[in-house]
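Quick notes on the structure that follows.
Since we're looking at a predicted model, the values are computed, not measured. Counting convention: from 1, in listed order, for ligands and their atoms alike.
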Amino acid sequence: MEPRQLKSIRRWFEDYTSGYYRQCGKLHQLELKERHSRRVAENAGLLADDLDWSDSDRCLAVAAGLLHDIGRFPQYRDHGTFYDFKSVDHGDRGEQALREDFPKDLLTPKEFELIAMTIREHNKKDLPQLPPEDLAMLRIVKDSDKIDIYKVVREHIQRGEQDAIYPGLGPEGELSLPIIEGLLKDKKARYDQLRTLSDVLLFQLCWVHDMAHRQSTKLLWNRGDLEWLIDRIPSTPEVKPVISQVMEEISRATGI
Ligand SMILES: [Fe+2]
């Protein structure tokens with residue numbers, strides 16, 4: 001993809017979001033998604049640089065990052081929520097929006113299908129069964145998306161607005177045993193077991209194990225997002241082994 005194509009895609013995204021602001025008013029929730037999309041695009045560019053991708057693939061990754069959440073706009077307009085289980089799957093809805101609203105001549109058919117797949121699959125638990133070269137775009141977008149969520153969570157908590165992203169959580173300081181055990185055993189925990197803010201922070205810290213690229217963990221480390229989480233999580237004897245696993249991953253990624 002040429003840089004001028006990326007420029008046209010940026011312009012289309014601008015028009016697309018403006019269209020929703022005209023219909024729904026300049027809703028704060030939609031603005032947050034617009035800004036998130038732009039930052040995910042930026043993260044995808046940084047990772048593509050770090051991974052030595054060609055200029056053309058880099059542009060495509062930036063475009064995929066920018067477009068990955070376009071389903072959020074019709075989702076919020078039609079259902080007033082970002083909860084997929086209460087409304088629609090925003091990956092599927094995004095693919096539909098791309099097919100309906102995106103000008104086909106801005107991408108080659110192959111690029112178009114790659115971006116459609118990336119949008120559809122970015123929020124799914126497992127990667128689809130596709131050749132590795134097709135998955136590269138999806139993996140970079142999933143990492144870029146996660147990287148931005150660290151920032152969003154940190155900023156909300158620093159402003160004391162955790163209720164806006166995690167309503168109804170128990171107080172910070174206590175950690176639930178099933179979470180610690182799950183993270184220790186297979187580096188995973190179930191969302192429905194998260195009870196306290198500290199559970200959420202530990203769970204989020206352990207996303208470093210899910211990153212497709214070590215460069216993603218390195219970027220988070222350099223931004224201070226991981227250290228911020230580690231400092232904030234109560235360092236009880238039960239938690240220490242979980243943190244050690246995370247530290248090992250960080251050392252692998254950063255070479256520290
Ligand atoms: Fe996203």
Side-chain angles (χ1 to χ4, degrees), residues 6 9-10 12-14 16-17 20-21 24 27-48 58-99 101-102 114-128 135-157 161-162 164-166 191 200 203-208 210-213 215-217 219-220 223 225 229:
L6 178 58
I9 293 170
R10 286 189 189 282
W12 177 80
F13 180 75
E14 186 93 49
Y16 178 80
T17 52
Y20 279 94
Y21 296 143
C24 313
L27 297 178
H28 179 61
Q29 303 285 27
L30 293 184
E31 278 186 294
L32 289 180
K33 287 295 171 198
E34 182 195 344
R35 275 185 245 138
H36 162 71
S37 301
R38 293 185 192 285
R39 290 193 305 261
V40 171
E42 197 185 313
N43 292 341
L46 293 171
L47 289 179
R58 183 192 194 275
C59 285
L60 201 56
V62 172
L66 187 65
L67 301 178
H68 83 283
D69 259 350
I70 53 171
R72 289 301 196 184
F73 295 84
Q75 178 186 37
Y76 202 80
R77 177 194 62 194
D78 300 339
H79 305 278
T81 180
F82 290 136
Y83 285 112
D84 285 13
F85 66 92
K86 287 185 187 166
S87 54
V88 288
D89 179 297
H90 78 275
D92 295 353
R93 187 63 186 86
E95 181 188 14
Q96 187 194 334
L98 187 82
R99 295 194 186 281
D101 300 338
F102 189 83
L114 193 60
I115 290 190
M117 180 278 289
T118 303
I119 294 174
R120 180 181 70 242
E121 300 292 339
H122 88 271
N123 63 333
K124 306 296 188 283
K125 212 173 118 259
D126 300 309
L127 292 175
L135 291 180
M137 198 61 64
L138 178 59
R139 289 156 66 102
I140 208 170
V141 168
K142 286 185 85 151
D143 276 14
S144 304
D145 198 12
K146 285 201 194 88
I147 291 170
D148 192 56
I149 295 172
Y150 278 85
K151 176 185 167 78
V152 170
V153 168
R154 180 177 175 179
E155 287 181 353
H156 273 83
I157 293 176
E161 293 171 0
Q162 54 261 38
I165 39 174
Y166 296 113
Y191 269 101
V200 169
F203 177 73
Q204 165 134 42
L205 179 66
C206 288
W207 278 7
V208 294
D210 297 334
M211 291 295 183
H213 300 291
Q215 286 80 352
S216 306
T217 302
L219 198 92
L220 281 169
R223 287 180 180 178
D225 290 343
L229 280 170

Open item on the list: Ring of F82, cation from K33 - is the NZ or CZ under 6.0 Å from the centre and inside 45° of the axis?
Closed with: yes

Task: Under-4.0 Å salt bridge between D84 and R72 - done: yes

Open item on the list: Do the side chains of R39 and D148 get close enough for a salt bridge, i.e. N-O under 4.0 angstrom?
Closed with: yes

TODO: Answer yes when K124 and D89 have at least one side-chain N-carboxylate O distance shorter than 4.0 Å, and no when they do not.
DONE: yes

Task: Sidechain N-carboxylate O distance under 4.0 Å for R38, E42 - done: no

- [ ] Count, excluding waters, the protein N, O or S atoms that are closer to the Fe ion (ligand 1) than 2.8 Å.
- [x] 4

Task: Min side-chain heavy-atom separation L66-V40 under 4.5 Å - done: no

